[in-house]
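Worksheet: one structure, shown below.
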Protein chains: 2
Amino acid sequence: MRYSRDNMAGLLRSHDINPTHQRIEIAYALFSRMEHLSADQVMTQVNVHHSETSKATVYNTLNLFLQKGLIREVIVDPNKVFYDPNTRPHHHLYDVESGRLTDIDAEEIHINGLPPLPEGMTMEGIDLIVRIRKAA
Amino acid sequence: MRYSRDNMAGLLRSHDINPTHQRIEIAYALFSRMEHLSADQVMTQVNVHHSETSKATVYNTLNLFLQKGLIREVIVDPNKVFYDPNTRPHHHLYDVESGRLTDIDAEEIHINGLPPLPEGMTMEGIDLIVRIRKAA
DNA sequence: CTAGAGTTTGGACTTTGTCTAATTGCGGCA
DNA sequence: TGCCGCAATTAGACAAAGTCCAAACTCTAG
């Protein structure tokens, strides 16, 4: 499925999010590229033409999307969070030098031998991060 | 092996680190507990008695330890880095609500089906993080 | 047209971490 | 002992990411 600005309202509504102008722009920034973006990058993208959307709105909206399950958070870099429009189960390849983040499909990956969870706990998710760098 | 303040100088020297007063205190804070601590927690621990060690030194020293391979960095929380005195291969269980971080030994975990790395890249490490929370 | 809920906004604030220039402290040596 | 020089430490200014808040705006139902 290709995403256009016109898809966005429906996508938002289907996740129980009231589609406003700003929310559509932010969703479009993420879904049209299908890339991992930091809050800052989203902010820049959304405001390429004129400055339309405030920092507060960008953060509010990303957190709203997160909470509604529209996007995921990827924590690999000590000083910024990346937002990931891909919510299918998958893992990440992280180039520690360039900061580039790439998806690894979870389909063919199998993880065996995980210990049982502590009493009364549920698993929220498994993140697998493969850190790579240019060979020396 | 149990760690005491007296072990620390040797441990530091064996990693090519000049053992100073402050460095010994910082190493001791991490190794005597064998827990994951944030820079802030290290700072507090080290200064329980009187304020002896500055913020700059704590950060400098942790980064030095990191670079010399004495400790590892664990990135799971969007707004702080944890430092891990355990450098043996292992993974983490992260309680997203309390922020508690627990080790999972890597011995019995097997990960199959990883795709080949991109040309000219080497693997720096694999981080597996199991996020858990209290059952609803 | 108006009320009210929901949304957006600028800006002040907080937290984590870095940088810098000045100071301290310690080993070696006369 | 006194001095030199270097490594380590320091306080505090700064930077970047993110949160908070009260005021302003918008949109829709009546």
Side-chain angles (χ1 to χ4, degrees), chain A residues 8-9 12-13 15-30 36-47 49-68 70-84 96 99 101, chain B residues 8-9 12-13 15-30 36-47 49-68 70-84 96 99 101:
Chain A
M8 291 299 107
L12 295 183
R13 261 188 289 263
H15 280 79
D16 195 25
I17 297 166
N18 188 4
T20 66
H21 199 34
Q22 289 88 336
R23 287 171 182 176
I24 288 174
E25 284 304 314
I26 292 172
Y28 184 65
L30 286 159
H36 310 84
L37 299 180
S38 66
D40 210 54
Q41 293 173 309
V42 169
M43 175 94 158
T44 313
Q45 276 308 324
V46 165
N47 290 333
H49 303 303
H50 347 66
S51 182
E52 300 141 327
T53 304
S54 73
K55 188 171 59 145
T57 301
V58 171
Y59 280 100
N60 286 346
T61 303
L62 288 172
N63 285 324
L64 178 70
F65 286 3
L66 207 53
Q67 177 199 316
K68 297 289 188 179
L70 187 61
I71 61 177
R72 290 194 352 187
E73 200 175 32
V74 186
I75 302 171
V76 281
D77 183 296
N79 47 341
K80 62 183 81 185
V81 172
F82 286 98
Y83 295 91
D84 190 345
V96 293
L101 195 54
Chain B
M8 290 299 109
L12 294 183
R13 259 186 291 263
H15 280 79
D16 196 25
I17 297 167
N18 188 4
T20 66
H21 199 33
Q22 288 88 336
R23 287 172 182 176
I24 287 173
E25 284 303 314
I26 291 172
Y28 185 65
L30 286 160
H36 310 83
L37 299 180
S38 66
D40 210 54
Q41 292 173 310
V42 170
M43 176 96 157
T44 314
Q45 276 308 324
V46 165
N47 290 333
H49 303 302
H50 348 66
S51 182
E52 299 141 326
T53 304
S54 72
K55 188 171 59 146
T57 302
V58 170
Y59 280 100
N60 286 344
T61 303
L62 289 171
N63 286 324
L64 178 69
F65 286 2
L66 205 54
Q67 178 201 317
K68 296 289 188 179
L70 187 62
I71 60 178
R72 292 199 346 191
E73 200 176 30
V74 186
I75 302 171
V76 279
D77 182 295
N79 48 341
K80 62 183 85 192
V81 171
F82 286 99
Y83 294 91
D84 189 346
V96 292
L101 195 54

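Note on naming: letters A, B, ... go to the chains in the order of the sequence lines (proteins, then strands), and numbering restarts at 1 for each one.
With rounding to whole Å, B:N18 atom CG is found 12 Å from C:dG25 atom C1'. Distance, B:E25 CD to D:dT10 P: 12 Å, rounded to whole Å. Regarding A:D77, its CG atom lies at a distance of 12 Å from the P atom of C:dG17, rounded to whole Å. Distance CG (B:N47) to P (D:dA11): 9 Å, rounded to an integer number of Å. Atom CD of B:Q22 and atom C1' of D:dA11 are 14 Å apart (whole Å). The CG atom of B:L62 sits 12 Å away from the P atom of D:dT9 (whole-angstrom rounding). The CD1 atom of B:I24 sits 12 Å away from the P atom of C:dC26 (whole-angstrom rounding). As a whole-Å value, the separation of A:Y59 OH from C:dT15 C1' is 13 Å.
The side chain of A:A56 lies closest to D:dC20 when the candidates are D:dC20, D:dT10, D:dA7. Of the candidate nucleotides D:dA17, D:dG18, C:dT18, D:dA17 has the atom lying nearest to any side-chain atom of A:D40.
Separating the CD1 atom in A:I17 from the CZ atom in A:R23 is a distance of 7.0 Å, to the nearest 0.5 Å.
Ion pair B:D40/B:K80 not flagged as a salt bridge, since none of the NZ, NE, NH1 or NH2 atoms sits closer than 4.0 Å to an Asp/Glu carboxylate oxygen.
In this structure a side-chain-to-backbone donor-acceptor pair under 3.5 Å is present from B:T61 to B:T57. Under a 3.5 Å cut-off, the side chain of A:Q67 and the backbone N or O of A:L64 do not form any donor-acceptor pair. Between the B:N47 side chain and the B:T53 main chain, a donor and an acceptor come within less than 3.5 Å of each other.
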Pair B:V58-B:I26, side-chain contact (heavy atoms from CB on, under 4.5 Å): steps then yes or no: CA-CA 7 Å; B:V58 170; B:I26 291 172; 4.3 Å; yes
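At a cut-off of 3.5 angstrom, the base of C:dG10 holds no donor-acceptor pair with the side chain of A:K55.
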Reading 5' to 3' through nucleotides 22-30 of chain D, protein heavy-atom contacts under 4.0 Å coded B for base, S for sugar-phosphate only, - for none: ---------
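For the salt bridge (Lys or Arg N to Asp or Glu O under 4.0 Å) condition, no pair includes a residue of residues 51-61 of chain A, sequence neighbours left out.
Within the nucleic acid shown, A:T20 comes within 4.0 Å of sugar-phosphate atoms alone, with no base atom in reach, counting heavy atoms only. Counting non-hydrogen atoms under 4.0 angstrom, B:S38 reaches nothing in the nucleic acid. Note on B:N63: only backbone sugar-phosphate atoms sit closer than 4.0 angstrom, heavy atoms only; bases stay farther off.
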